[in-house]
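Start at 1 with the first residue, then count along the sequence.
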Amino acid sequence: MPEKKTKQEKTVMYVGPAIAGLVAYGTVFKNGLPGQLQQAAQEEPALSRMLVEIGAVCEARKELQKETSGLSICYRKAEEYAKKRGAVK
């Protein structure tokens with residue numbers, strides 16, 4: 001018997017730096033994340049914070065403008081991770 005989903009996956013947008021071969025800014029994900037991105041988020045948990053629900057994108061962009069916000073700190077960690085993997089510019 002197939003397992004029923006207990007929660008519906010939310011649509012999220014990636015608002016972090018581009019990471020070569022992995023994800024670009026503004027990529028929208030429905031029904032979960034690709035396996036490579038899930039693995040990367042396990043390696044660098046800040047990447048998970050860069051995935052925001054569609055309804056919260058405007059607020060996230062405002063938060064990214066504040067240098068000391070939690071989201072900005074995670075963005076910088078995601079940038080460091082991107083440099084290790086080869087950032088797309």
Point to revise | Atom pair CD1 (I19) and CD (E79), whose distance is rounded to the nearest 0.5 Å | key: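 Reported to 0.5 Å precision, the distance equals 10.0 Å.
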Review point. Rounded to the nearest 0.5 Å, how far does CD of E80 lie from NZ of K77?
Key: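 If we round to the nearest 0.5 Å, K77:NZ and E80:CD are 8.0 Å apart.
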Cut-off 3.5 Å, no hydrogens considered: what does the side-chain donor-acceptor table look like for residues 37-44, sequence neighbours left out?
residue, atom, partner, partner atom, Å
Q38, NE2, L33, O, 3.1
E43, OE1, Y81, OH, 2.7
E44, OE2, A46, N, 3.2

Check your understanding: Of all heavy-atom pairs between A82 and A18, which one has the smallest distance, and what is that distance?
Key ->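 Scanning both residues completely, I find the closest heavy atoms to be CB-O, 3.7 Å.
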Review point. Which pair of non-hydrogen atoms, one from Y14 and one from A24, has the smallest distance, and what is that distance?
Key: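 Shortest heavy-atom separation between Y14 and A24 comes out as CD2-O, 3.5 Å.
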Check your understanding: Taking only residues two or more places apart in sequence, or in another chain, which ones meet S69 in a side chain to side chain donor-acceptor pair (under 3.5 Å)?
Key ->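 In terms of side chain to side chain donor-acceptor pair (under 3.5 Å), with neighbours along the sequence ignored, S69 is linked to S72.
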Can you give me every donor-acceptor pair (side chain of residues 49-66, partner residue at least two apart or in another chain, under 3.5 Å) with its distance?
residue, atom, partner, partner atom, Å
R49, NH2, E63, OE2, 3.4
R61, NE, Y25, OH, 3.0
E63, OE2, L71, N, 3.3

